[in-house]
A.B. asks: 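Structure provided below as structure tokens; questions to follow.
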Amino acid sequence: MRSLVIAPQWIGDAVMSEPLLRTLAARGERLTVAALPWVAPVYHAMPQVAGVLELPFAHGRLDWSGRRRVARELRGRFDTAYVLPNSLKAALIPFFARIPRRIGYHGEGRYWLLNERWPNPGGRPPMVAFYRALSGEPAATEEPHLSFPPEQLQAVTAALGLAPTGYWVFAPGAEYGPAKIWPASHYAELARELHARHGQPVVLLGSGKEAALCDEIASAAPGACRVLAGKTRLIDAMVLIAGSRGVVSNDSGLMHVAAAFRIPQVAVFGSTSPEHTPPLSPNARVLWLKNELQLDCMPCFERTCRYGHYRCLTGVPAARVAAALDDALLKA
């Protein structure tokens, strides 16, 4: 069976779609994933994916004519389409391409675009189970897995003068907003401690929009950090995570990448909840201090703190993160 998968538009969601793709491939479906350019690299780390089609669309745009053009090129190539996002525009290409089976959740007003529709679940369901249910198999929350060949890991690290497992990675940004970002001063304190104890550099990863944040951390931890935010492609950032000794991040897409590579990691949660999108790895440690800080507003799922104090994040000390990272390393 030839299957087209319309990918989510966020990195973390793309990682959490991997168990669905693994299930489909295991039963003999040949998978092509259609993804936006900033998400497509995630699917190159999934061996079960036969091909990745980068969609030429800007974020948030309908681009009706562009979707019809892509759909014409896909006609006759697929038997089934799985539409993972809930948006109307995500279902247009399979419909225009006349793919016989078009599977997805009801979503936002797209009843006529899909012919195998699942009811929208209530609340905030675990994303792995949400996607995997589209396979028709019993719902389950499995751990996503990503992998790169060893030679790719060696090539990327060597080009940057790094040695596999000879550096740490911090991913201090979060696309969603400041209510998910552990303070720069806390990251800097942790970087100073790790560098003093182990003598290994801390690599700061993220998008170009997060470069200023990473520069602030590096300035407060002289000699400890290398800022690569905005200087690497996503695929190379993923390889750097896969080759690192350990990762510290907020609740972000790169958090899920680290979990899927089974890297020892600590994830600091603030405005969001690990009950919804935790890092699914036995080597992950989550710090979410709702009960300890006694903040009734957690989780608020807001981009900014409505009270302006961000105590859910500032109240997580660097020493606590260091201890959690030590535990993850010891038991990995």
A.B. asks: Return the set of residues passing salt bridge (charged side-chain N to carboxylate O under 4.0 Å, His left out) with Arg192 (not counting sequence neighbours), or none when no residue passes.
C.D. replies: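 In terms of salt bridge (charged side-chain N to carboxylate O under 4.0 Å, His left out), with neighbours along the sequence ignored, Arg192 is linked to no residue.
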A.B. asks: Return each pair, listed once, that meets ring pair (Phe, Tyr, Trp, His ring centres under 6.0 Å) where at least one residue sits in residues 229-270; pairs must be two or more places apart or across chains.
C.D. replies: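 Those involving residues 229-270 are Phe148-Phe261.
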A.B. asks: Please identify each residue that fulfils salt bridge (charged side-chain N to carboxylate O under 4.0 Å, His left out) with Glu302, with sequence neighbours left out.
C.D. replies: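 By the salt bridge (charged side-chain N to carboxylate O under 4.0 Å, His left out) rule, Glu302 matches no residue at all.
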A.B. asks: How would you list, by chain and number, every residue that makes a ring-ring contact (aromatic ring centres under 6.0 Å, His included) with Tyr167, sequence neighbours excluded?
C.D. replies: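 Listed in chain order: nothing, the list is empty.
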A.B. asks: I need the minimum non-hydrogen distance between Met298 and Gly270, along with the two atoms involved.
C.D. replies: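 Scanning both residues completely, I find the closest heavy atoms to be CE-O, 3.6 Å.
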A.B. asks: What are the two closest heavy atoms between Gly173 and Ser252, and how far apart are they?
C.D. replies: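 It is O-CB, 3.9 Å.
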A.B. asks: Parallel under 30°, tilted from 30 to 60°, perpendicular over 60°: which one fits the rings of Tyr111 and His106?
C.D. replies: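 The arrangement is tilted - the two ring planes meet at 30° to 60°.
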A.B. asks: Mind checking ring-ring contact (aromatic ring centres under 6.0 Å, His included) for Trp10 and listing every partner two or more places apart, or none if nothing turns up?
C.D. replies: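 Residues passing ring-ring contact (aromatic ring centres under 6.0 Å, His included) with Trp10: His59.
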A.B. asks: Let me confirm one number: the CG-CG distance from Leu330 to Leu325, rounded to the nearest 0.5 Å.
C.D. replies: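 Those atoms lie 11.0 Å apart.
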A.B. asks: Quick check: is Ile241 connected to Leu213 through a chain of hydrophobic side chains (ILVMFWY, heavy atoms under 4.5 Å apart)?
C.D. replies: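 Different clusters.
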A.B. asks: Looking at Val33 and Ala7, what are the two nearest heavy atoms and their distance?
C.D. replies: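 Result for this residue pair: CG1-CB, 3.8 Å.
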A.B. asks: Test of understanding: clusters of I, L, V, M, F, W, Y form through side-chain heavy atoms closer than 4.5 Å, transitively. Do Met16 and Val52 belong to the same one?
C.D. replies: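 Yes.
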A.B. asks: Charged N to carboxylate O below 4.0 Å: is that the case for Glu108 and Arg110?
C.D. replies: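 Result for this pair is no, no salt bridge flagged.
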A.B. asks: Does CZ in Arg30 sit with more than 12 non-hydrogen atoms of other residues, nucleotides or ligands closer than 6.0 Å?
C.D. replies: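 It does not: Arg30 CZ has 12 such atoms or fewer within range.
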A.B. asks: Counting N and O atoms only, with roles assigned by atom type, does the side chain of Arg226 sit under 3.5 Å from a partner on the main chain of Leu160, one being a donor and the other an acceptor?
C.D. replies: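 Checked: pair present.
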A.B. asks: Would you say the side-chain atoms of Arg27 pair up with the backbone N or O of Ser135, donor to acceptor, closer than 3.5 Å?
C.D. replies: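 The answer is yes, because a donor-acceptor pair under 3.5 Å joins these two groups.
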A.B. asks: Just by modelled atom types, is the Phe130 backbone N or O under 3.5 Å from a matching donor or acceptor in the Tyr105 side chain?
C.D. replies: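 Yes, Tyr105 side chain to Phe130 backbone: donor-acceptor pair under 3.5 Å.
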A.B. asks: With rounding to the nearest 0.5 Å, note down the distance linking CG in Asn283 to CD1 in Ile263.
C.D. replies: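 Between atom CG of Asn283 and atom CD1 of Ile263 there are 8.0 Å.
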A.B. asks: Quick test of your reading: applying ring pair (Phe, Tyr, Trp, His ring centres under 6.0 Å), list the pairs with at least one residue in residues 305-332, sequence neighbours left out, ordered by first then second residue.
C.D. replies: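 The answer is Tyr307-His309.
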A.B. asks: Please tell me if the side chains of Met46 and Leu31 come closer than 4.5 Å, counting only heavy atoms from C-beta onward.
C.D. replies: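 When only atoms from C-beta onward are counted, Leu31 and Met46 do not touch, as no gap falls below 4.5 Å.
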A.B. asks: Could I get the full list of salt bridge (charged side-chain N to carboxylate O under 4.0 Å, His left out) partners for Arg98, not counting sequence neighbours?
C.D. replies: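 So Arg98 forms no salt bridge (charged side-chain N to carboxylate O under 4.0 Å, His left out) with any residue.
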A.B. asks: Do you know the tightest heavy-atom contact between Pro178 and Leu313?
C.D. replies: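 Here Pro178 and Leu313 meet closest at O-CD1, 3.7 Å.
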A.B. asks: What residues form a salt bridge (charged side-chain N to carboxylate O under 4.0 Å, His left out) with Asp13, not counting sequence neighbours?
C.D. replies: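 None.
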A.B. asks: Applying side-chain contact (heavy atoms from CB on, under 4.5 Å), run through Gln152 and Met238 and close with a yes or a no.
C.D. replies: CA-CA 11 Å; Gln152 187 174 2; Met238 291 172 61; over 6 Å; no
A.B. asks: Look at the side chain of Trp182 and the backbone N and O of Val316, then say whether any donor-acceptor pair between them is shorter than 3.5 Å.
C.D. replies: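 Yes, the answer is positive, given that a donor and an acceptor are paired below the 3.5 Å cut-off.
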A.B. asks: So, the side chain of Arg285 versus the backbone of Pro282: is there a donor-acceptor pair under 3.5 Å, distance only?
C.D. replies: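 It does hold such a pair.
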A.B. asks: Scan residues 263-280 for pairs that pass side-chain hydrogen bond (donor to acceptor under 3.5 Å, both in side chains), counting only residues two or more places apart or in two chains.
C.D. replies: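 Only Asp251-Thr272 qualify under side-chain hydrogen bond (donor to acceptor under 3.5 Å, both in side chains).
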A.B. asks: Calculate, to the nearest 0.5 Å, the distance between atoms CD1 and CZ belonging to Ile93 and Phe78 respectively.
C.D. replies: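 Atom-to-atom, Ile93:CD1 and Phe78:CZ are 10.5 Å apart.
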A.B. asks: Can you check whether Val39 reaches Pro8 side chain to side chain, under 4.5 Å on heavy atoms?
C.D. replies: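 No, too far: nothing below the 4.5 Å cut-off.
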A.B. asks: Might you work through the side-chain contact (heavy atoms from CB on, under 4.5 Å) test for Arg311 and Leu295, ending with a clear yes or no?
C.D. replies: CA-CA 8 Å; Arg311 281 184 54 208; Leu295 292 173; 3.5 Å; yes
A.B. asks: From Arg197 CZ over to His195 NE2, what is the distance, rounded to the nearest 0.5 angstrom?
C.D. replies: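 The CZ atom of Arg197 sits 13.0 Å away from the NE2 atom of His195.
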A.B. asks: Quick check: do Phe57 and Lys89 have side-chain heavy atoms less than 4.5 Å from each other?
C.D. replies: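 No. Closest side-chain heavy atoms not under 4.5 Å.
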A.B. asks: Among residues at least two apart in sequence or on other chains, which ones pass ring-ring contact (aromatic ring centres under 6.0 Å, His included) with Phe95?
C.D. replies: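 ring-ring contact (aromatic ring centres under 6.0 Å, His included) check on Phe95 returns Trp112.
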A.B. asks: Could you tell me whether a side-chain N or O of Arg102 sits under 3.5 Å from a main-chain N or O of Val83, the two making a donor and an acceptor?
C.D. replies: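 Pair absent, no side-chain N/O of Arg102 close to backbone of Val83.
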A.B. asks: To the nearest 0.5 Å, what is the distance between NZ (Lys180) and OG1 (Thr304)?
C.D. replies: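 That separation rounds to 13.5 Å.
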A.B. asks: Is NZ or CZ of Arg67 both nearer than 6.0 Å to the six-membered ring centre of Phe96 and within 45° of the ring axis?
C.D. replies: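 That pair does not qualify as a cation-pi contact.
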A.B. asks: Can you name the ring-ring contact (aromatic ring centres under 6.0 Å, His included) partners of Phe170, sequence neighbours left out?
C.D. replies: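 Here the qualifying residues are Tyr187.
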A.B. asks: Do other residues, nucleotides or ligands put more than 12 heavy atoms under 6.0 Å from the CD atom of Glu151?
C.D. replies: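 Buried by this count: over 12 neighbours within 6.0 Å.
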A.B. asks: Which pairs, with at least one residue in residues 204-224 and sequence neighbours excluded, count as a side-chain hydrogen bond (donor to acceptor under 3.5 Å, both in side chains)?
C.D. replies: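 Sorted pair list: Glu175-Lys209.
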A.B. asks: Looking only at non-hydrogen atoms, find the nearest pair between Thr314 and Pro183 and report the distance.
C.D. replies: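 In this case the closest contact between Thr314 and Pro183 is CG2-CG, 3.8 Å.
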A.B. asks: Does any N or O in the side chain of Glu18 come within less than 3.5 Å of the main-chain N or O of His145, such that one atom is a donor and the other an acceptor?
C.D. replies: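 Pair found, side chain donor or acceptor close to backbone of His145.
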A.B. asks: When you compare the side chain of Glu143 with that of Ser281, does any pair of heavy atoms fall below 4.5 Å?
C.D. replies: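 Answer no - side chains too far apart.
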A.B. asks: CG of Leu4 to OG1 of Thr80: how many Å apart, nearest 0.5 Å?
C.D. replies: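 OG1 of Thr80 is found 10.0 Å from CG of Leu4.
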A.B. asks: Between Pro85 and Ile6, what is the shortest heavy-atom contact and its length?
C.D. replies: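 Of all heavy-atom pairs spanning Pro85 and Ile6, the closest is CD-O, 3.3 Å.
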A.B. asks: Same cluster for Leu53 and Ile11 if Ile/Leu/Val/Met/Phe/Trp/Tyr side chains link at under 4.5 Å?
C.D. replies: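 Yes, same cluster.
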